[in-house]
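In what follows, every heavy atom counts, from backbone to side chain, and hydrogens, waters and symmetry copies are set aside.
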Amino acid sequence: MPRKPIVGGNWKCNPKTLEEALKLIGDWKNQVPFDKRKIDVFACPMMPHLLKVKLPMEKLGISACAQNCSKTGEGAFTGEVSAAQLKDARVQWTLLGHSERRSKYGETDEDVAEKVSQALAAGLKVVLAIGELLEEREAGKTNEVNERMLNPVIKKLKPEDWSKVVIAYEPVWAIGTGKVATPDQAEETHAAIRAFMAKAVSEEVAEKVRIQYGGSVSLDNCADLIKKPNIDGFLVGGASLKPSFMEIVQKSTPPPVLKKPKFSKATDLNPTTKGFNCMVKCTKPAEQVEGTEGVYEAQVGDESGVFTVSFRNKDLCEVCTKGASIRIQNTSVRMVKGFIRVVVDKWAAFKPADEPLEWEAKDGNDLSTVEYELVES
């Protein structure tokens with residue numbers, strides 16, 4: 001089963017004011033909405049803004065994610081926020097292990113592992129950041145570094161815990177530098193992480209765990225990166241502080257899956273039919289309905305029976321000549337004084353069939369002459 005893409009924005013210590021944060025969310029609202037069924041989206045505001053922007057974000061389908069949490073519980077820990085306190089505040093996600101926490105504030109791999117354990121125990125979901133320095137990449141130690149960072153976490157977690165963890169691979173040399181790993185470089189590292197997870201945890205976990213890429217992700221490179229089979233989304237930095245972050249989300253969303261339409265028989269029609277598809281022949285050409293302005297009706301059908309089709313587009317009269325083979329798609333039924341009419345509106349297709357239909361329509365079984373009575377249930 002394909003992994004659902006996930007895109008997050010790490011705001012770091014930005015923006016300066018709550019007013020700016022709320023304006024950004026307002027700008028996001030004015031962008032094309034994304035399909036929440038196909039992609040998960042989160043953003044990480046700084047702690048003073050987190051609860052103020054949480055509700056406006058959630059109205060857009062975006063989860064508010066903390067940037068960090070404590071490796072301890074509640075108590076005499078000045079300046080800390082525990083995982084349980086985040087959960088109590090209805091926060092669902094936290095980012096942990098970001099390179100800036102590791103390099104600037106001395107967090108060790110073991111510290112990060114303990115934080116992950118605390119967060120999961122509190123019921124939070126975790127974005128776990130890993131990644132190598134430039135000198136480590138140049139020394140050929142990328143995989144070694146990533147495995148070193150993952151190992152303490154693996155030791156603390158049960159296999160089932162990984163369903164609540166997203167791995168964010170962020171090469172430190174690409175964060176905020178404008179440099180970015182090429183799609184092939186990123187894919188190679190993501191594949192190596194997945195292979196390590198298969199060996200260290202299980203193949204099932206490795207196949208299901210989502211791995212984001214982070215490091216100067218932008219509108220210009222995200223479309224090429226997301227095509228790679230082991231890249232499941234992005235952790236975006238500076239570009240998430242712009243209205244165009246929503247465009248990155250859109251470019252990361254899987255395209256719609258196109259299916260061949262299923263064609264029904266005329267006798268499948270009933271008063272509640274929607275999205276009706278049928279291959280038919282015209283038995284009576286289109287004529288304007290008497291007493292109406294611009295309403296046309298014709299009779300069409302297949303080997304099981306015929307029915308009346310109704311439309312307002314006069315150009316369709318040229319399609320609906322006697323004996324013509326016609327392809328009908330996405331039509332719906334409208335009841336007129338208890339009788340079925342198949343309506344061709346702007347959402348429907350009504351065009352010549354790709355090839356002439358060999359059979360003749362059964363015009364003796366007219367489904368539009370069957371009267372239906374509304375019965376209250």
Side-chain angles (χ1 to χ4, degrees), residues 1-2 4 32-39 59-61 250 253-377:
M1 185 176 180
K4 187 179 183 181
V32 176
F34 60 90
D35 190 337
K36 305 170 190 65
R37 299 167 300 175
K38 295 183 177 181
I39 190 167
K59 287 181 178 180
L60 301 181
Q250 291 289 355
T253 304
V257 177
L258 301 178
K259 297 180 181 179
K260 290 185 177 180
K262 179 181 178 182
F263 290 96
S264 302
K265 293 292 185 182
T267 47
D268 292 331
L269 279 170
N270 64 67
T272 62
T273 298
K274 295 180 180 179
F276 183 65
N277 304 326
C278 193
M279 300 294 290
V280 296
K281 275 191 170 182
C282 178
T283 53
K284 292 182 182 178
E287 294 182 350
Q288 185 169 341
V289 178
E290 187 176 348
T292 68
E293 294 184 9
V295 178
Y296 301 88
E297 288 187 348
Q299 187 186 76
V300 299
D302 58 20
E303 296 168 299
S304 67
V306 296
F307 54 88
T308 299
V309 62
S310 175
F311 51 85
R312 288 184 173 274
N313 184 352
K314 187 176 182 180
D315 293 341
L316 296 183
C317 293
E318 298 179 10
V319 177
C320 210
T321 58
K322 186 168 184 178
S325 297
I326 303 169
R327 177 189 182 106
I328 295 176
Q329 285 179 251
N330 202 35
T331 55
S332 58
V333 166
R334 183 176 300 157
M335 301 303 295
V336 178
K337 297 182 179 179
F339 298 95
I340 281 177
R341 293 291 185 273
V342 172
V343 178
V344 181
D345 57 21
K346 64 179 180 179
W347 308 112
F350 189 85
K351 59 185 179 181
D354 295 336
E355 297 179 359
L357 303 173
E358 299 298 330
W359 39 259
E360 295 300 322
K362 188 177 180 180
D363 57 7
N365 182 24
D366 189 348
L367 301 164
S368 291
T369 62
V370 178
E371 186 173 10
Y372 290 85
E373 182 179 355
L374 178 64
V375 178
E376 292 186 6
S377 58

**Message:** Ring of Phe276, cation from Lys274 - is the NZ or CZ under 6.0 Å from the centre and inside 45° of the axis?
**Reply:**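 That pair does not qualify as a cation-pi contact.
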Contacts table for residues 305-323: side-chain donor-acceptor under 3.5 angstrom, sequence neighbours left out:
| unit_1 | atom_1 | unit_2 | atom_2 | d |
| --- | --- | --- | --- | --- |
| Arg312 | NH1 | Glu293 | O | 3.2 |
| Asn313 | OD1 | Asp315 | N | 3.0 |

**Prompt:** Quick one: side chain to side chain contact (heavy atoms under 4.5 Å, CB included) partners of Thr369, sequence neighbours excluded?
**Reply:**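 So Thr369 forms a side chain to side chain contact (heavy atoms under 4.5 Å, CB included) with Asp366.
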**Main-chain N/O of Lys265 paired with Asp302 side-chain donor or acceptor, under 3.5 Å** =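 The answer is no, because no donor-acceptor pair under 3.5 Å joins these two groups.
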**Message:** Between Gln329 and Pro261 (side chain of the first, backbone of the second, donor and acceptor by atom type, cut-off under 3.5 Å), is there such a pair?
**Reply:**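 Not at all, since once roles are kept as given, no pair shorter than 3.5 Å links the two residues.
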**Prompt:** What residues form a side-chain hydrogen bond (donor to acceptor under 3.5 Å, both in side chains) with Asp363, not counting sequence neighbours?
**Reply:**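 For Asp363 there are no side-chain hydrogen bond (donor to acceptor under 3.5 Å, both in side chains) partners, ignoring immediate neighbours.
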**Item:** Residues in side-chain hydrogen bond (donor to acceptor under 3.5 Å, both in side chains) contact with Lys4, at least two apart in sequence or another chain
**Value:**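 side-chain hydrogen bond (donor to acceptor under 3.5 Å, both in side chains) list for Lys4, sorted by chain: Asp40.
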**Message:** Enumerate the side-chain hydrogen bond (donor to acceptor under 3.5 Å, both in side chains) contacts for residues 331-356, please, sequence neighbours excluded, ordered by first and then second residue.
**Reply:**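 Passing the test, one end in residues 331-356: Glu297-Arg341.
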**Item:** Note, Leu367 side chain near Ile340 side chain (heavy atom, < 4.5 Å)
**Value:** no
**For the student: nearest non-hydrogen atoms of Phe350 and Ile328, plus distance** =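 Distance-wise, the nearest heavy atoms are CD1-CG1, 3.6 Å.
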**Request:** Taking all non-hydrogen atoms of both residues into account, name the closest pair between Gln288 and Gly294 and its distance.
**Result:** NE2-N, 3.6 Å
**Working for side-chain contact (heavy atoms from CB on, under 4.5 Å), residues Asn365 and Thr267** = CA-CA 9 Å; Asn365 182 24; Thr267 47; 3.8 Å; yes
**Message:** If you count every heavy atom of other residues, nucleotides or ligands that lies below 6.0 Å from Glu303 atom CD, does the total exceed 12?
**Reply:**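 Result for CD/Glu303: enclosed.
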**Item:** Residues which pass salt bridge (Lys or Arg N to Asp or Glu O under 4.0 Å) with Asp268, listed by chain and number, not counting sequence neighbours
**Value:**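 Asp268: no salt bridge (Lys or Arg N to Asp or Glu O under 4.0 Å) contacts found.
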Contacts under 3.5 angstrom, residues 277-285 side chains, donor-acceptor by atom type, not counting sequence neighbours:
| unit_1 | atom_1 | unit_2 | atom_2 | d |
| --- | --- | --- | --- | --- |
| Asn277 | OD1 | Asn330 | N | 2.8 |
| Asn277 | ND2 | Lys262 | O | 3.3 |
| Lys281 | NZ | Leu357 | O | 2.8 |
| Lys281 | NZ | Trp359 | O | 2.8 |
| Lys281 | NZ | Glu360 | OE2 | 3.4 |
| Thr283 | OG1 | Gln299 | O | 3.2 |
| Thr283 | OG1 | Gln299 | OE1 | 2.6 |

